Amino acid sequence: MSLDPARRRLLSAAGAVGVAGALGLAPSAAFTASGRSPSGSRRPGRAATIIHGGRVLTGLPYVPQQEAFAVGRDGRILAVGPASVVRRLAGRDTEFVDARGGTVMAGIIDAHAHCLEAGWRSLNASLGNETYTVAALQAKLTGFLNASEDQEPDGWLVVEDWNPVGLPAGTETHHRILDALPTRRPIALKGSDAHNMWVNQRALELAKITSSTPDPAGGHIVHDAAGAPSGLLKDAAQDIVAAVIPPPDEDKALAAAAKALRQAASNGITTYMDAATETDGLRAYADLAASDRLPLRVIPAVERAINRLKQCRAVATRYDKRGYVFLGTATTAALVIWLRT
C-alpha cells in the first residue's frame, strides 16, 4: 500500500500530534485559541509545517474542534486554532498541507498488536478463517499444493487463518484428513485464533512427536482414541512443530514486515506494543530501523530471560535507542525498547 506525498506528510505531522504530546499541546485555552504563547514562556517559533483545511481533534474536552495546527522544527506542536491565527506562525519555508476536509487527530496507540507476524504470515497461503466441508478443505489445500509444486517433495506447506471450528460438527481434526492429500510434503495449518495448529503425519515425524512425547508447559498434544498424536496441537505445543519449519527468506520477511507496518501507519497508528516479541522480532525491528523502514514507534514485550535482556540492550545500544525495563508480576517482566523513527 503506497501513500501519496501529500498524505504521507499529513500522517507524519499527525503522528507528531500523538507522539510529541497532543494532550499537552495547550498549556492554556488562550494559547490554543489565539496562538499566543502561554504566560511565562517565549512566543512560538516559526512553523515547519502547518496543517489546515481539516477538522482537528485535540482529545481535550475543554478545547473545541479546530481548523489548523502548526508543527515546529523539533516536531512539537506550536499552536492549534483557527486557520487565520495559526497561519501567523508561517515563515518563508513553511510547508502547508491541506487536509482536504479530513479529520486530524492524535496518533493511535495500539496496546496489543502483532504487526511483524502479520507481515510474515502474509507470505503464506491463507484459508481466510472460512468454514469448509472436509472435501472442500482438501480441494482448497490441493490448490495451494499445485500453486507451489516446485516445493515438492519436502518443502513445507504452511497455511494461515485455518478456522479451528470451521469443519462440520463432529468432524475429528485428525492428520488422516491431511495425509489424504496428493503430496508427501509436511503440512501445517495455523489456527486463526493463534491457539491451534493442525499438521499431517509427515510434520509430526519431522518434529519427532510420538505417543510418548510429553505435553510442553502451557501446551497440549491432542491424542486420538488409540493414544497416538492426532495432529492437533494446542498453545505451546505448536512451538514443537514451529521449531522445525524453515524460516522465510530474510529479505522477503523484512519487506513483508515493512509493508504491514506501513499499512498500520497509514491507518493512523503511531505507536504499538508488540505483545510477544521473540529473538527474530528484535532483529527485525533493529534491521528495519537501520534501513529507515520503521514508520512508527514500537514497544516490544519480551519474555524475561537474562540472555533475551542482554540481547535487547545490545539492540538498543547498536542503534542508539533508549531501553527500559518494566516489571510486571513477580514472575514476569517485559523489556521495552523505544525504537524511534
Side-chain angles (χ1 to χ4, degrees), residues 1-3 8 11-21 75 106-124 126 158 160-161 190 194 236 238-239 242-243 245-328 332-341:
M1 179 177 189
S2 60
L3 302 178
R8 190 185 306 276
L11 286 170
S12 177
V17 181
V19 173
I108 299 169
I109 299 177
D110 193 322
H112 186 129
H114 301 278
C115 293
L116 282 186
E117 184 178 356
W120 294 337
R121 291 178 67 166
S122 71
L123 296 173
N124 297 323
S126 172
V158 179
E160 307 290 344
D161 305 314
K190 299 171 70 174
Q238 300 173 84
D239 297 339
I245 298 176
D249 174 80
E250 184 174 351
D251 289 339
K252 290 182 179 180
L254 283 176
K259 181 179 180 180
L261 291 168
R262 288 197 306 271
Q263 185 171 0
S266 73
N267 283 281
I269 297 176
T270 57
T271 303
Y272 84 95
M273 171 174 277
D274 185 330
T277 311
E278 301 292 338
T279 300
D280 54 354
L282 291 173
R283 285 197 300 265
Y285 283 129
D287 291 339
L288 289 167
S291 59
D292 197 27
R293 289 185 288 175
L294 192 61
L296 37 70
R297 289 168 172 79
V298 181
I299 306 171
V302 183
E303 178 187 359
R304 184 177 64 180
I306 190 64
N307 61 325
R308 197 73 59 81
L309 296 180
K310 288 180 178 178
Q311 183 184 40
C312 289
R313 295 190 183 104
V315 169
T317 301
R318 178 180 175 188
Y319 294 100
D320 193 26
K321 312 300 176 187
R322 295 188 300 166
Y324 302 89
V325 176
F326 289 86
L327 294 178
T332 63
L335 182 110
V336 175
I337 302 175
W338 199 267
L339 292 172
R340 297 187 177 199
T341 56

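Bear in mind that the values here come from a model prediction, so they are computed numbers and not experimental data.
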Student: Per the side chain to side chain donor-acceptor pair (under 3.5 Å) rule, what does the pair list look like for residues 111-120, sequence neighbours excluded?
Tutor: His112-His114

Student: Locate the shortest heavy-atom distance separating Arg293 from Leu261; write the atom from each residue and the value.
Tutor: O-CD1, 4.3 Å

Student: Val158 and Lys190: which non-hydrogen atoms are nearest, and at how many Å?
Tutor: CG1-CD, 3.6 Å

Student: Can you spot which of Thr271, Asp274, Thr277 makes a side chain to side chain contact (heavy atoms under 4.5 Å, CB included) with Ile299?
Tutor: Thr271

Student: Would you give the length of the straight line joining atom CG of Leu254 to atom CG of Asp249, rounded to the nearest 0.5 angstrom?
Tutor: 9.0 Å

Student: Might you point out which heavy atoms bring Ala260 and Cys115 nearest each other, and give the distance in Å?
Tutor: CB-O, 3.5 Å

Student: Rounded to the nearest 0.5 Å, what separates atom CG in Leu296 from atom CD1 in Ile109?
Tutor: 11.5 Å

Student: Taking all heavy atoms of Leu123 and all of Ala253, pick out the closest pair and write down the distance.
Tutor: CD1-CA, 4.0 Å

Student: Look up atom CG in Leu116 and atom CG in Asp280, then write down how far apart they are to the nearest 0.5 Å.
Tutor: 8.0 Å

Student: For the CZ atom of Arg283 and the CD atom of Glu278, what is their distance to the nearest 0.5 Å?
Tutor: 11.0 Å

